[in-house]
J.: 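I am attaching a structure below and will ask some questions about it afterwards.
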Amino acid sequence: MRNKYAVKQLSVFLENRKGRLLEVTETLKNAGVNIRALAMAESAEFGILRLVVNNPEKAKNALSTGGFTVKEQDVFAVEVEDRPGSFFQVVKALAHSDINIDYTYAFVGNSNRAVLIFKVPDEMLNRALESLDRSGIGLVEPLFFYD
Amino acid sequence: MWNSIEGAFREELEALQSRRLRQTVERVYHLVPFYREKLDALGIKPRDIRSVKDLSRLPFTLKQDLRDHYPFGLFAVPMEQVIRIHSSSGTTGKPTVVGYTEHDLKVWNEVMARTMSMGNVGPGDVVHNAYGYGLFTGGLGFHYGGEAVGASVVPSSGGFTKRQLLLMKDFGATALCCTPSFALHLSEVAREEGYDLHNDFKLKAGFFGAEPASEGLRQALRDAWNIQYVEAYGLSEIIGPGVAATCPEGRLHVFEDHFIPEIIDPETGEVLSDGEEGELVITTVTKQALPLLRYRTKDITRLYREPCACGRTLVGMDSIKGRSDDMLIVNGVNVFPSQVEHVLTKVEGTTPNYVIVVDKKGVLDKLEVWVEMDESTFADGIGALETLKRRLETEMLNDLYINVRVKLVEPRTLERSMGKAKRIMDRRESESLERS
């Protein structure tokens, strides 16, 4: 299942310095990379920008060359109806299978659908996908994000 | 072993040292006014110095003495016999100038040939020499050392990292000579450029010196390039590189038939026993142009004479722990950059790229260590990074007895020159100057 549904996510280490986010986004723009989903985590001194993009390989090369520390990891995405309780259903399915969620972020897709992105510990990824599939939750193939 | 003297019986070696020491004292007394005055002031005549056991009666020579006699005041030969001159960078005050006679260069070639032999380099080997060529002794020292053992020397000098990698690969370099920080830089750039470090290169040994390197950095270089790490210790005042080098057993041996080492208490000047840590002092006993009696290197280390499995009987020396110059005094506690580096490499997943920043906060000193994040250390999670930071801070407190604030920074934000890595930023002095 992992091969079919794992989505490549890029995490970028950023110091809390003026202009750094501008430089990341400019680097991606210059490389012609389209950002499909993003989330930012921050502490007092540094932050982590997490990105799902249309071409992870190209984005990673552009960022590494630009002097950023980038880490590539597998996440997965599910598509749910954009209504109360959808997120709950997904989290419940994962909780029942004893899957820890490292973090999650979401964006509203077309019409009345929403896409949720989940990062779980790597060794739990396959089990998470299986349990969601069993619960009838719609898994999103990476092609949805990539070109 | 390049020369059988490296494995001679101690009695034979000490007899040779004593004979050479007597000649050296005799020469400097008659040829260098500075030494004559010093010896006269102490009431010592050359004939009073009979053997190496009398070494401790001789006066010390300081770097300042070289500066005070800038440029050629301590030379023991007329300029007609000096065929090479080198000089230190002189970042603080006047540069120090050293001269070589034809015989001195032969001695230098000899000790550099021994150094190259430590890494089993000889005819058929390709020596890629990325030490800077010029006034700095590193470039020409390794150059002639490589030639002396019959290897093919590539005098690439510093800089132009990508072209260096290309030449190393295409020429099939089997030995790399450069500073440890530049070797690390080369490995990083090689990976970025898509080289397979173990298969694209044929390196078997690296000859690293001119700056201290922690065991963590050494291991990182051994692993990155799959090489034997030969530390080449030396200083231009004594000869340049070639004062000591690491044997295949991993022990640094001092070429003491030319350079006699002692360890002293840097405060009292008292000679310490084998195994005790203190300042390294060296007396040159074969140099002609610039013989130095008991030169204070400011390097902190230990000596030991237990037999070495490599067969050399030459005295063993620890890697330099730090320079008494580099030692930071932070709120009254002595801190060496090497201690900080040790903690960084001990905590799993941290590369040895860092800078120490000392600042004043009110009346107290404040120590910060900025650590570069790279792909292996960068855990994707604020919590994981905060844990890493706290762990480093705790370890520094345990090892250094001092409160250090660790700051995680992006790569390449720290200044890394092609030569010596700049590890310390001391902002205390400049601030007090600004205030006054």
Side-chain angles (χ1 to χ4, degrees), chain A residues 6-24 27 38-52 56-57 59-76 100-105 117-125, chain B residues 161-162 165 184-185 187-195 197 344 348-355 357 359 366-393 396 403-416 425:
Chain A
V7 174
K8 299 278 177 220
Q9 174 199 259
L10 302 180
S11 303
V12 187
F13 178 80
L14 291 175
E15 281 172 51
N16 281 0
R17 269 195 290 133
K18 201 177 163 183
R20 263 332 245 170
L21 196 54
L22 185 70
E23 286 162 37
V24 184
T27 304
L38 70 86
M40 183 87 197
E42 93 274 356
S43 77
E45 286 175 8
F46 53 83
I48 302 171
L49 177 66
R50 294 169 180 135
L51 301 165
V52 176
E57 197 60 30
K60 188 170 187 236
N61 285 338
L63 289 169
S64 296
T65 313
F68 294 96
T69 303
V70 189
K71 197 182 186 81
E72 190 183 83
Q73 282 176 302
D74 284 345
V75 295
F76 65 86
N100 303 325
I101 299 168
D102 287 337
Y103 52 83
T104 172
Y105 48 104
I117 293 172
F118 284 91
K119 169 73 177 67
V120 300
D122 215 46
E123 68 280 7
M124 295 183 177
L125 180 62
Chain B
T161 311
K162 288 177 189 173
L165 289 165
L184 183 70
H185 179 66
S187 70
E188 287 170 353
V189 175
R191 282 196 198 97
E192 280 167 22
E193 293 291 299
Y195 286 103
L197 270 68
L344 292 177
E348 193 191 2
T350 306
T351 57
N353 270 327
Y354 67 93
V355 69
V357 184
D359 217 335
K366 192 180 68 164
L367 194 70
E368 285 191 350
V369 176
W370 296 0
V371 184
E372 273 188 8
M373 283 285 94
D374 71 4
E375 275 172 51
S376 59
T377 44
F378 172 35
D380 172 31
I382 296 288
L385 291 177
E386 294 279 10
T387 305
L388 172 67
K389 188 176 127 88
R390 268 197 305 275
R391 217 184 127 203
L392 286 171
E393 287 174 346
M396 301 250 182
N403 273 306
V404 176
R405 208 175 82 88
V406 170
K407 200 173 151 188
L408 306 179
V409 299
E410 290 170 19
R412 306 292 142 77
T413 44
L414 310 181
E415 185 181 331
R416 194 166 343 141
M425 253 200 288

J.: Pick one of side chain, backbone, both or neither for A:S43, based on which atoms fall under 4.5 Å of a heavy atom in chain B.
T.: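 Contact with chain B is through both the backbone and side chain of A:S43.
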
J.: I need the A:L14 CG to B:M373 CE distance, nearest 0.5 Å.
T.: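 The CG atom of A:L14 sits 13.0 Å away from the CE atom of B:M373.
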
J.: Once rounded to the nearest 0.5 Å, what's the spacing between atom CD of A:E45 and atom CZ of B:R405?
T.: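 The CZ atom of B:R405 is 4.5 Å from CD of A:E45, to the nearest 0.5 Å.
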
J.: Would you compute the distance between atom CD of B:E386 and atom CZ of A:F46 and round it to the nearest 0.5 angstrom?
T.: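 Taking CD in B:E386 and CZ in A:F46, the distance rounds to 4.5 Å.
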
J.: Which answer fits A:Q9, side chain, backbone, both or neither, if we ask what part of it has an atom under 4.5 Å from a heavy atom of chain B?
T.: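 Interface part for A:Q9: side chain.
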
J.: Looking at every heavy atom in both A:E15 and B:L408, which two are closest together, and how far apart are they?
T.: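 Of all heavy-atom pairs spanning A:E15 and B:L408, the closest is CG-O, 4.0 Å.
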
J.: Pick one of side chain, backbone, both or neither for B:K389, based on which atoms fall under 4.5 Å of a heavy atom in chain A.
T.: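 It is the side chain, since no backbone atom gets that close.
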
J.: To check you understand the geometry: which heavy-atom pair defines the closest contact between B:I382 and A:I48, and what is its length?
T.: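 Taking every non-hydrogen atom into account, N-CD1, 3.7 Å.
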
J.: Holding to salt bridge (Lys or Arg N to Asp or Glu O under 4.0 Å), I want the full list of residues that pass it with A:D102, two or more places apart in sequence or in another chain.
T.: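 Residues passing salt bridge (Lys or Arg N to Asp or Glu O under 4.0 Å) with A:D102: A:K119.
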
